Trainee: 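Next up is a structure, given as structure tokens.
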Amino acid sequence: MSLIDFNGCGQVMARYNSWQNRVLLDLCDQIDDVARKQDRGMFFGSIHATLNHILYIDQRILTLLNGDNPGAFTPEIILADDFATLRRLRLETDAAIETIATIDAPSWQNKTRTLADVTGKIRDVPLQVFFLQMFNHQTHHRSQITSELHKMGFDYGVTGMPFTPDMPI
């Protein structure tokens, strides 16, 4: 296998991300709405709210990468109250992530976003960092959900990136 550059890495991450989200959605589809929306003491309370939060952040980052302003940050927003809509939006967003990862010479890679960090320092952050953060953020919150599913007796299965079906490399 040859070495990969940032674009190749992005394609790998996008494909892996889509696969892991499909696995997670399939598991969540096996529990009822009450169980998905039950407050489990997670950072966003429930599995459903956590899935919504992941989707919300992904859509905000895609908005940035597409050159638009995502507007004010509202961390606990619910984009979809029902699981069928949430699943559809997740799959559509994953397709959009895969699409933006496969663009040849995407202009967003040469841009930055000015923001204040947690200490208040103003910084120009490359959009490439937001792209990477999108995957890191998803992994962080998916692990919270899979932990809850494990407690419920569900086996999440293989999560190794090298085992991603149809890897684009």
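Here the structure is a predicted model, which is why all the values come from computation and not from measurement. All residue numbers in this chain count up from 1 along the given sequence.
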Trainee: Rounded to the nearest 0.5 Å, how far apart are CZ of Arg123 and CG of Leu115?
Mentor: 7.5 Å

Trainee: According to side-chain contact (heavy atoms from CB on, under 4.5 Å), who are the partners of Thr102, at least two apart in sequence or on a separate chain?
Mentor: Gln11

Trainee: Return the CG to CD distance between Asp58 and Gln133, rounded to the nearest 0.5 Å.
Mentor: 10.0 Å

Trainee: What's the verdict on salt bridge (charged side-chain N to carboxylate O under 4.0 Å, His left out) for Asp82 and Arg87, showing C-alpha distance, side-chain angles and the deciding distance?
Mentor: CA-CA 9 Å; Asp82 66 284; Arg87 182 184 188 104; over 6 Å; no

Trainee: Taking only residues two or more places apart in sequence, or in another chain, which ones meet His140 in a side-chain contact (heavy atoms from CB on, under 4.5 Å)?
Mentor: Gln144

Trainee: Sub-3.5 Å donor-acceptor pair from the side chain of Thr164 to the main-chain atoms of Met161, do we have one?
Mentor: yes

Trainee: Just to verify, what does Asp32 make a side-chain contact (heavy atoms from CB on, under 4.5 Å) with, not counting sequence neighbours?
Mentor: Val34, Ala35

Trainee: Are Ile77 and Phe44 connected in the hydrophobic side-chain network, where two residues link if heavy atoms are under 4.5 Å apart?
Mentor: no

Trainee: Nearest 0.5 Å please: distance from the CD atom of Gln138 over to the NE2 atom of His53.
Mentor: 10.5 Å

Trainee: Evaluate side chain to side chain contact (heavy atoms under 4.5 Å, CB included) for Val129 paired with Arg113, printing each intermediate quantity in order.
Mentor: CA-CA 10 Å; Val129 172; Arg113 175 155 173 105; over 6 Å; no

Trainee: Suppose we screen for side-chain contact (heavy atoms from CB on, under 4.5 Å). Which residues come up paired with Thr159, at least two apart in sequence or across chains?
Mentor: Tyr16, Gln20, Tyr156

Trainee: Compare every heavy atom of Met42 with every heavy atom of Ile47, then report the nearest pair and how far apart it is.
Mentor: N-SD, 3.9 Å

Trainee: Between Ser147 and Ser143 (side chain of the first, backbone of the second, donor and acceptor by atom type, cut-off under 3.5 Å), is there such a pair?
Mentor: no

Trainee: Could you pull out the closest heavy-atom pair between Cys28 and Ile145, with the gap in Å?
Mentor: SG-CG2, 4.3 Å

Trainee: Please identify each residue that fulfils side chain to side chain donor-acceptor pair (under 3.5 Å) with Thr146, with sequence neighbours left out.
Mentor: none

Trainee: Test Ile31 against Met152 for side chain to side chain contact (heavy atoms under 4.5 Å, CB included), laying out the working first.
Mentor: CA-CA 9 Å; Ile31 59 177; Met152 298 167 68; 3.5 Å; yes

Trainee: What closest approach, in Å, do Gly10 and Ala101 show between heavy atoms, and which atom pair accounts for it?
Mentor: O-CB, 3.7 Å

Trainee: Using every non-hydrogen atom in the two residues, find where Asp81 and Lys37 come nearest and quote the distance to one decimal.
Mentor: O-NZ, 2.6 Å

Trainee: Using a 4.5 Å cut-off on heavy atoms from C-beta on, say whether the side chain of Leu132 contacts that of Phe6.
Mentor: yes

Trainee: Can a cation-pi geometry be assigned to Arg36 and Phe83, taking NZ or CZ under 6.0 Å from the six-membered ring centre and within 45° of the ring axis?
Mentor: yes

Trainee: Would you say that more than 12 heavy atoms from the other residues, nucleotides or ligands in this model lie under 6.0 Å from the CZ of Phe154, or not?
Mentor: yes

Trainee: Among Ile57, Thr112, Ile61, which one satisfies side-chain contact (heavy atoms from CB on, under 4.5 Å) with Phe130?
Mentor: Ile61

Trainee: Assert yes or no for the condition that the ring centre distance of Phe131 to Trp108 is strictly below 6.0 Å.
Mentor: yes

Trainee: What are the two closest heavy atoms between Ile97 and Leu62, and how far apart are they?
Mentor: CG1-CD1, 3.8 Å

Trainee: For the atom pair CD1 (Ile54) and CZ (Arg142), what is the distance rounded to the nearest 0.5 Å?
Mentor: 7.0 Å

Trainee: Yes or no on side chain to side chain contact (heavy atoms under 4.5 Å, CB included) for Leu91 and Leu25, after CA distance, side-chain angles and deciding distance?
Mentor: CA-CA 9 Å; Leu91 295 175; Leu25 290 170; 4.0 Å; yes

Trainee: Side chain to side chain contact (heavy atoms under 4.5 Å, CB included), that's the test. Do Leu149 and Leu24 meet it? Break it down for me.
Mentor: CA-CA 9 Å; Leu149 291 170; Leu24 185 59; 3.7 Å; yes

Trainee: Hey, is CZ on Arg88 packed in by over 12 heavy atoms from elsewhere, all under 6.0 Å?
Mentor: yes

Trainee: When rounded to the nearest 0.5 angstrom, what is the spacing between CG in Leu55 and OG1 in Thr85?
Mentor: 11.0 Å

Trainee: Quick check against the 3.5 Å criterion: does Arg60 have a side-chain atom that pairs as donor or acceptor with the backbone of Ala72?
Mentor: yes

Trainee: Nearest 0.5 Å please: distance from the CG atom of Asp166 over to the CZ atom of Arg15.
Mentor: 6.0 Å

Trainee: Same cluster or not: Ile122 versus Val125, using hydrophobic residues (I, L, V, M, F, W, Y) connected whenever any side-chain heavy atoms lie under 4.5 Å apart?
Mentor: no

Trainee: How are the rings of His141 and Phe43 set relative to one another: parallel (under 30°), tilted (30 to 60°) or perpendicular (over 60°)?
Mentor: tilted

Trainee: When clusters are formed from ILVMFWY side-chain contacts under 4.5 Å, directly or step by step, what else is grouped with Val118?
Mentor: none

Trainee: Are any of the side-chain nitrogens in Arg22 or Asp26 under 4.0 Å away from the carboxylate oxygens of its partner?
Mentor: no

Trainee: Run the numbers on Asp39 and Ser46 for side chain to side chain donor-acceptor pair (under 3.5 Å), then give the verdict.
Mentor: CA-CA 5 Å; Asp39 188 335; Ser46 70; over 6 Å; no

Trainee: Of all the heavy-atom pairs spanning Leu79 and Asn52, show the shortest one and how long it is.
Mentor: N-OD1, 2.8 Å

